[in-house]
Amino acid sequence: MVASPPAVQAALRVTVPAGVTAGQALRDGGAPTTGPDAVVVARDPQGALRDLAWAPDSDTEVDAVAASSPDGRSVIRHSCAHVLAQAVQQHFPDAKLGIGPPVIDGFYYDFDVDRPFTPEDLAILEKTMRRIIKAGQRFSRRVLGSVSEAKRELAAEPYKVELVDLKGSTSGVTIDPDEVMEVGAGDLTIYDNVHPRTGETIWSDLCRGPHVPTTRHIPALRLMRTAAAYWRGSERNPQLQRIYGTAWESTEALERHLELLAEAQRRDHRKLGAELDLFSFPDEIGSGLAVFHPRGGTVRRVMEDYSRRRHEEAGYDFVNSPHITKAQLFETSGHLDWYADAMFPPMHLDEELADDGTVRKPGQDYYLKPMNCPFHNLIYRSRGRSYRELPLRLFEFGSVYRYEKSGVVHGLTRVRGMTQDDAHIYCTPEQLQGEICSLLSFVLDLLRDFGLDDFYLELSTRNDEKYVGTDEQWEQATEALRQAAEATGLELVLDPGGAAYYAPKISVQAKDALGRTWQLSTIQVDFQLPDRFELEYTASDGSRRQPYMIHRALFGSIERFFGVLTEHYAGAFPAWLAPVQVVGIPIADEHVEHLQQVAKALRARGIRVEVDASDERMQKKIRTHTTQKVPFLLLAGSKDVEAGAVSFRFRDGTQINGVGVEDAVGAITGWVARRENRSPSAAELPIGQP
RNA sequence: GCCGCCUUAGCUCAGUCGGACAGAGCGGCUCACUCGUAAUGAGCAGGUCCGGGGUUCGAUUCCCCGAGGCGGCUCCA
């Protein structure tokens, strides 16, 4: 199941004569005014979106923006947020307005209210919104003369006043224009919701617009959930009550969206993890700490084994390091300065007290490790290094522990204990560029082998308020990463200020089968740690030089990648990864022996196979193992036994009957050895029927 | 960490407006059935109603505290 892309079609372009509204000109030009492709706003030659009521001073070319286009949807959602706010203030007259922008797949609006909203409130608000929409209120733009006029009009809305002040101020405080729709670069404007017949203003909101012409242009909506959110995104500010909703150009589009959400819920790795007996989070261990059951453990082992093999082939050296260390190491690395809050608190060991209670021997703090790099640096530093050894690539499946805040742990994707497939590469300055390039293609290749093939890259650059190192170092590292990223030909998205304090990074974002993106691999160039650890190598001229260091996590964390793969495949892992690859199902007891022989042959060739000899009926067994998403079911009855054959049944219900045992074993082992990521089915397997 | 919601059998969930032995389906176990492509039938076992405290004659139910989960916010080396 995939999200259907918005209709892509050349937008209608018309010339709007001076003094005529864009809406009139577009209507005259034949733009649809109803249905999913109805024009909702216009795009001017500068690319700005304009209300259809906008009338330019001189002849101007504009493009129609359809309801079903990405921009059209945003406008609908933003207008829908206004309708929500109107409904809220109707039911909660004391509610103060925060901000109400469109977001991916929906919108939200924040309110300061006496009590949080309940699900019942949402139902009532949604009903009121439908009434407002049906009334066909016009969105009418009004320019305010000055900041003081705006503040006078908005006196009852303290948060809006704050936004007006921010816009008016020269303090340099910036407002994120994607989030704050209230004020923009131009005039301060109010949108009045006007009764279609009486012309009476029913409700107003500070807003830069644009909006759909009338509330009737919001064809489908749904309020989704409530949440708290800090005012202006800072935990130092008061929390407002947020309502999330979604709105679409048609009921069908809304239904498709809701179905996508339902599908995401069905393939939630936490749910599948329990259903398929893959892993669990026992309360006794602690929040965010997983145990992998035999089936999950098998998938993990296959993932790790394959990764190991590929790393070996790519010239990595395998190392190991302990889970805890004295504080000193993380003082040297700087992690304690930056991340102490997010580390498990230390164990204070080895302290001895005298009889009088005074300290006779001071103890030491030991920390669980949150990162592997300091250990790898010690390995590097354990003896002198020659330029001939570089690039030195140290790889480890390293378990790290991070004290994630209680509200953020989430299934396998945000945990407190995880295994990184972590590598640190030490190289000369001359090797840096080439190393990053080959690293990036190595990473992408391996991800593709796991069936992820839709990527884009993100380049996170320096956060000017949180970094160490010199401008030159940052520039050089960022440039090296950028060049490598561009060389892949993949889309590159900038993430200004997104880097960790010590290094810029490239992250690989992968889209899964539902079109959701996950950050997987990261590559960082680091100048700080080699310096802090005084890493050196002897160059060909005998001089001592400092190596460059590249941090690289490929899957990111094994746990997280496991979760991503589970959702990507909806639990139906490719056969080479599946915990149980084959289940033999006898028609009756007397056919068990035959299947045992087949299983033996498969097992001898490394296939994970079971024979279900329980006394359930055959149909029940098929159901059981199909719901367990076993890729190959092999049935055998008297006909098969006599013919020395088995009958295939696949996850999709297709079958190939009477396949000779040797052919069957060959087909399965071949499919697994090729690491086919598709789900096997009758049409895919080159055996049996012509 | 903050806000809201939730926690009943291994799993999914009923239920108790504060009162009698707390229910169902799936799963597990036992028995019968031996069957040709998604649920055979019968029986049995299984519960500190998340933990602690309080209110009450009486608490799984109401209140408080805690733990865990879920949805967000902030955070994510």
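The structure displayed is predicted, hence computed values, not measured ones. Values reported hereafter were calculated over all heavy atoms of this structure, with side chains retained and with hydrogens, waters and symmetry mates removed. Lettering follows sequence order; numbering is per chain, from 1.
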Below 4.0 angstrom from OP1 or OP2 of B/C75, is there any side-chain N or O of A/Lys466? no
Is the distance from OP1 or OP2 of B/G69 to the nearest side-chain N or O of A/His410 less than 4.0 Å? no
Decide yes or no for A/Pro579 and A/Gln628: does some side-chain heavy atom of the first lie under 4.5 Å from some side-chain heavy atom of the second? no
Confirm from the modelled atom types if A/Glu404 and B/C76 form a donor-acceptor pair under 3.5 Å, side chain to base only. no
Short side-chain N/O contact from A/Arg617 to OP1 or OP2 of B/C33, under 4.0 Å: no
Looking only at side-chain N and O atoms, does A/Arg232 come under 4.0 Å of OP1 or OP2 in B/U74? no
Is there a donor on the side chain of A/Ser638 or the base of B/G36 sitting less than 3.5 Å from an acceptor on the other? no
RNA chain B in dot-bracket form (Watson-Crick or G-U pairs under 3.5 Å, [ ] crossing, | inter-strand) is (((((((..((((.....[...)))).(((((.......))))).....(((((..]....))))))))))))....
Respond yes when some side-chain nitrogen or oxygen of A/Tyr108 is under 4.0 Å from OP1 or OP2 of B/C73, and no when none is. no
Using the side-chain heavy atoms of A/Gln239, tell me which of these nucleotides is nearest: B/A77, B/C3, B/U37. B/C3
Does any N or O donor sit under 3.5 Å from an N or O acceptor when you compare the side chain of A/Tyr230 with the base of B/G72? no
Between A/Tyr426 and A/Tyr548, ring centroids under 6.0 Å: no
Of all the nucleotides listed (B/C3, B/A77, B/C73), which has the minimum atom distance to the side chain of A/Ala228? B/C3
P gap between B/C44 and B/C57, integer Å: 41 Å
Scan residues 587-596 of chain A against RNA chain B and write down, sorted by residue number, each residue with any heavy atom closer than 4.0 Å; if none is found, say none. A/Ile587, A/Ala588, A/Asp589
How about A/Tyr401 and A/Tyr367: are their ring centres within less than 6.0 Å of each other? no
I want to check one thing: is the phosphate of B/G1, taken as OP1 and OP2, less than 4.0 Å away from some side-chain N or O of A/Ser406? yes
Check if the side chain of A/Arg414 and the base of B/C75 share a donor-acceptor pair of N or O atoms closer than 3.5 Å. yes
State whether A/Lys620 places a side-chain N or O below 4.0 Å from either non-bridging phosphate oxygen (OP1 or OP2) of B/G27. yes
Between CG of A/Asp640 and P of B/U37 the distance, given in whole Å, is 12 Å
Which nucleotide wins on minimum distance to the side chain of A/Asp615, given the candidates B/C33, B/G71, B/U37? B/C33
Pick the closest RNA chain B nucleotide for A/Arg402 and for A/Ala274 by heavy atoms, then say which residue is nearer the 5' end. A/Ala274
Are A/Phe111 and A/Tyr109 close enough that their ring centres sit under 6.0 Å apart? yes
For A/Pro680, side-chain contact (heavy atoms from CB on, under 4.5 Å) partners two or more places apart: A/Pro631, A/Phe632, A/Phe650, A/Arg651, A/Trp671
Please pick, from B/C73, B/U40, B/A77, the nucleotide with the shortest atom-to-atom distance to any side-chain atom of A/Met371. B/A77
Six-ring centre of A/Phe533, A/Arg381 cation under 6.0 angstrom, axis tolerance 45°: no
Side-chain donor/acceptor contact of A/Gln619 with base of B/U37 under 3.5 Å: no
How far, in whole Å, is B/U48 from B/U61 if one measures between their P atoms? 15 Å
On the nucleotide B/G71, are OP1 or OP2 found under 4.0 Å from the side-chain N or O atoms that A/Arg270 carries? yes
Just to be sure I understand the rule, does A/Thr118 reach a base, reach only the sugar-phosphate, or reach nothing, if contact means heavy atoms closer than 4.0 Å? nothing
Do the side-chain N or O atoms of A/Ser234 get closer than 4.0 angstrom to the phosphate oxygens (OP1, OP2) of B/U74? no
If I take atom CG in residue A/Asp283 and atom P in nucleotide B/G10, what distance separates them, rounded to the nearest angstrom? 13 Å
